[in-house]
Student: 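My questions will all concern the structure given below.
Just follow the structure's listing: the first ligand is 1, and inside any ligand the first atom is 1.
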Amino acid sequence: MYPLTLGLAIENRELWEQVQGCLSGLPFRVIVEHQDIGDLTNLLDRLERMRPDVVLVDISTWKEPLEGLTSSIRAAIGDPMIIALNVTAEAEAILGAMRAGVNEYLYPPLQDSLRRALERRAAERSRRGQGAKAGGKTLGFFSAKGGCGATTIICHVAAELGRLNQKVLLADLDLDAGMVAFITKTKSVYSVLDAFNNLHRLDISYWKALVSNGIPNVEIVSSPLALACKQRPKDEDVRHVIGFVRPHYDCTLVDLGRSLSRMAMAAMEEIDEACLVTTLEVPALHQSKQIIQTLLDSGYGKNRIRLVLNRTPKRLDITPGELEKMLGLPIFCMIPNDYPELYETYAEGRMLNRNSELGKHMTRLAVKLANVQEEQPQKKKFMLFG
Ligand SMILES: Nc1ncnc2c1ncn2[C@@H]1O[C@H](COP(=O)(O)OP(=O)(O)O)[C@@H](O)[C@H]1O
Ligand SMILES: [Mg+2]
């Protein structure tokens with residue numbers, strides 16, 4: 001079930017207890033708890049920062065016109081489901097609430113009615129999950145078998161998108177061997193694990209404290225410094241973090257490490273397009289085929305998988321057509337093999353030169369993935385004087 005996040009604004013003790021009783025057996029996370037309905041400014045401020053999917057608001061003591069309350073909540077967080085809770089089932093109160101724009105009006109006993117309403121919303125969000133999420137695009141990068149170049153590519157694609165004025169998040173979810181920080185020269189004491197371990201305080205200001213931004217327009221959240229991290233975040237926590245951050249960026253790029261790990265699989269629900277980076281080596285192609293099949297079997301649409309063929313030699317032993325037939329997918333992009341260029345890049349402790357052949361390929365891939373306009377090279381002005 002989709003892991004909805006909830007905001008509770010409940011003053012009435014009976015309603016509060018019934019809501020807690022109902023939620024205790026459900027997989028939804030309460031991220032805002034507010035008990036003083038009169039303190040609307042504080043409530044709206046917390047809702048705006050945490051952006052829950054559903055707001056349960058106790059209207060039993062609300063004296064003002066309800067429209068004011070619902071429109072302020074929508075102004076703060078876009079399009080949440082608003083459930084009005086009341087102690088009475090009077091027809092007039094129900095009608096008034098519906099007219100004010102609440103999605104549901106519930107009254108005690110809440111146990112079943114609230115559970116059904118939340119399950120309906122969760123099912124709706126899961127259906128919407130196929131490509132129509134709020135916020136920017138999320139792209140997940142996998143390395144078919146490790147060493148194929150996924151991390152090299154994601155870092156350079158992120159830098160290019162930043163240069164094209166996209167607001168980018170580059171998140172390293174390769175908890176075993178994350179290299180994003182090394183390639184981008186990011187130094188941070190925090191990592192994405194801090195987000196997983198502090199979900200109860202994950203709001204935008206906490207998130208901003210975790211990210212670093214050494215590359216213009218690109219915010220980077222690293223994997224933990226210690227390799228072979230023992231901690232495995234829960235599937236729903238992975239989805240929660242990606243779902244929370246994505247509305248804050250035009251493009252969220254996630255390094256999902258090698259092959260198709262359990263965590264990568266968990267993240268897929270929040271990933272709009274999967275970029276599978278492979279080389280022409282036989283083991284990498286074998287692994288690519290397996291990954292593609294697993295993704296398709298899990299219901300991930302073929303049109304959402306981007307096949308990136310890296311380190312392609314000048315002369316191919318196999319034609320692109322044969323390769324596409326073998327993998328059952330079109331090749332989205334081919335990037336040449338250029339060991340000397342990368343060797344020099346890393347030896348000098350910088351990122352790829354944009355004018356190098358490899359750099360130009362990274363730009364083209366970034367433009368194609370994010371569907372943005374490539375900037376036109378400025379024509380040299382002919383100067384008559386001076
Ligand atoms: N197009 C390329 N040409 C030459 N070497 C490459 C290319 N892309 C990546 N590499 C090199 O391959 C190695 C593995 O790259 P990396 O990005 O860490 O792979 P992955 O993330 O898939 O495990 C690195 O040494 C990197 O410099
Ligand atoms: Mg990698």
Side-chain angles (χ1 to χ4, degrees), residues 139-160 170-186 191-192 215 218 220-229 253-265 267 271 274-292 305-316 320 323 327 331-366 368-369:
L139 301 167
F141 282 67
F142 307 92
S143 176
K145 66 146 193 54
C148 293
T151 305
T152 308
I153 293 176
I154 198 174
C155 292
H156 288 93
V157 163
E160 274 307 310
L170 172 56
D172 194 350
L173 258 65
D174 182 356
L175 299 188
D176 291 316
M179 292 270 287
V180 165
F182 168 76
I183 295 182
T184 57
K185 304 283 159 241
T186 303
S191 82
V192 71
I215 304 178
V218 182
I220 298 167
V221 64
S222 321
S223 60
L225 276 176
L227 297 179
C229 163
L253 307 181
V254 189
D255 189 338
L256 295 165
R258 74 160 79 160
S259 191
L260 198 51
S261 66
R262 154 105 198 253
M263 192 169 76
M265 214 46 203
I271 299 288
C275 305
L276 174 58
V277 180
T278 184
T279 61
L280 275 168
E281 285 173 285
V282 174
L285 291 177
H286 166 78
Q287 200 64 9
S288 298
K289 212 166 155 52
Q290 305 280 95
I291 294 172
I292 293 167
I305 309 176
R306 311 274 176 251
L307 191 61
V308 178
L309 199 57
N310 191 23
R311 308 193 71 162
T312 47
K314 289 214 171 69
R315 273 196 50 234
L316 295 174
L323 204 63
L327 295 175
I331 298 170
F332 187 75
C333 160
M334 286 206 242
I335 298 184
N337 188 32
D338 195 344
Y339 181 77
E341 182 68 39
L342 274 170
Y343 179 86
E344 204 180 318
T345 300
Y346 294 139
E348 289 176 10
R350 55 175 171 85
M351 291 186 72
L352 269 174
N353 182 341
R354 294 196 53 246
N355 295 319
S356 66
E357 226 12 69
L358 215 43
K360 286 181 191 156
H361 274 85
M362 298 292 178
T363 307
R364 257 175 254 147
L365 174 58
K368 196 169 171 192
L369 278 172

Student: Could you tell me whether ligand 1 has any atom less than 4.0 Å away from a heavy atom of Pro336?
Tutor: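 Pro336 counts as a contact of ligand 1 under the 4.0 Å cut-off.
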
Student: If you take the nearest heavy atom of each of Asn310, Leu342, Thr345, Thr151, which one is closest to atom 18 (O) of ligand 1?
Tutor: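 It is Thr151 that holds the nearest heavy atom.
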
Student: Using a 4.0 Å cutoff against the non-hydrogen atoms of Asn337, which atoms of ligand 1 qualify?
Tutor: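 What qualifies from ligand 1 is 3 (N), 4 (C).
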
Student: For ligand 1, is there an N or O atom under 3.5 Å from any N or O atom of Gly147?
Tutor: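 Yes, at least one N or O pair falls under 3.5 Å.
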
Student: So if I count the atoms of ligand 1 from 1 in the order they appear, which ones are less than 4.0 Å from some heavy atom of Cys148?
Tutor: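 Reading through ligand 1 atom by atom, the close ones are 19 (O), 20 (P), 22 (O).
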
Student: I'd like to check which ligand 1 atoms, numbered from 1 as shown, lie under 4.0 Å from a non-hydrogen atom of Tyr339.
Tutor: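 Heavy-atom distances to Tyr339 below 4.0 Å select 4 (C).
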
Student: To the nearest 0.5 Å, what is the distance between OG1 on Thr278 and NE2 on His286?
Tutor: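 Between atom OG1 of Thr278 and atom NE2 of His286 there are 11.5 Å.
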
Student: Hey, are the side chains of Tyr346 and Thr152 touching, using non-hydrogen atoms and a 4.5 Å cut-off?
Tutor: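 With C-beta onward as the side chain, the pair touches.
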
Student: For Arg306 and Cys333, run side-chain contact (heavy atoms from CB on, under 4.5 Å): C-alpha distance rounded to whole Å, both residues' side-chain angles, the deciding distance at 0.1 Å, then the answer.
Tutor: CA-CA 8 Å; Arg306 311 274 176 251; Cys333 160; over 6 Å; no

Student: So, for atom 24 (C) of ligand 1, does the protein have a heavy atom nearer than 4.0 Å?
Tutor: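 Within 4.0 Å of atom 24 (C) of ligand 1, no protein heavy atoms are found.
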
Student: Can you tell if the side chain of Leu173 reaches within under 4.5 Å of the side chain of Asp255, non-hydrogen atoms only?
Tutor: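 They are not in contact (no side-chain heavy atoms under 4.5 Å apart), so the answer is no.
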
Student: If you count the atoms of ligand 1 from 1 in the order shown, which ones are under 4.0 Å from a heavy atom of Leu358?
Tutor: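 Answer, ordered by atom number: 1 (N).
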
Student: Can Arg311 and Glu281 be counted as an ion pair, charged N to O under 4.0 angstrom?
Tutor: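 Looking at Arg311 and Glu281, the cut-off is not met.
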
Student: Is Arg311 close enough to touch ligand 1? Criterion: a residue heavy atom under 4.0 Å from a ligand atom.
Tutor: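 Within the 4.0 Å threshold, so yes.
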
Student: So if I count the atoms of ligand 1 from 1 in the order they appear, which ones are less than 4.0 Å from some heavy atom of Tyr346?
Tutor: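 Once the distances to Tyr346 are compared, the set is 27 (O).
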
Student: Please report whether atom 21 (O) of ligand 1 has a protein non-hydrogen atom at a separation of less than 4.0 Å.
Tutor: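 Flag for atom 21 (O) of ligand 1 set to true, protein heavy atom closer than 4.0 Å.
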
Student: Which of the numbered atoms in ligand 1 are under 4.0 angstrom from any heavy atom belonging to Gly146?
Tutor: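 Here the atoms of ligand 1 in question are 23 (O).
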
Student: Are the side chains of Thr345 and Leu358 in touch, meaning some heavy atoms are under 4.5 Å apart?
Tutor: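 Answer no - side chains too far apart.
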
Student: Closer than 2.8 Å to the Mg ion (ligand 2): does that hold for any N, O or S atom in Thr151?
Tutor: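 So Thr151 counts as coordinating the Mg ion (ligand 2), yes.
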
Student: Atoms of ligand 1 less than 4.0 Å from Ser143 heavy atoms?
Tutor: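 By the 4.0 Å cutoff, the relevant atoms are 20 (P), 22 (O), 23 (O).
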
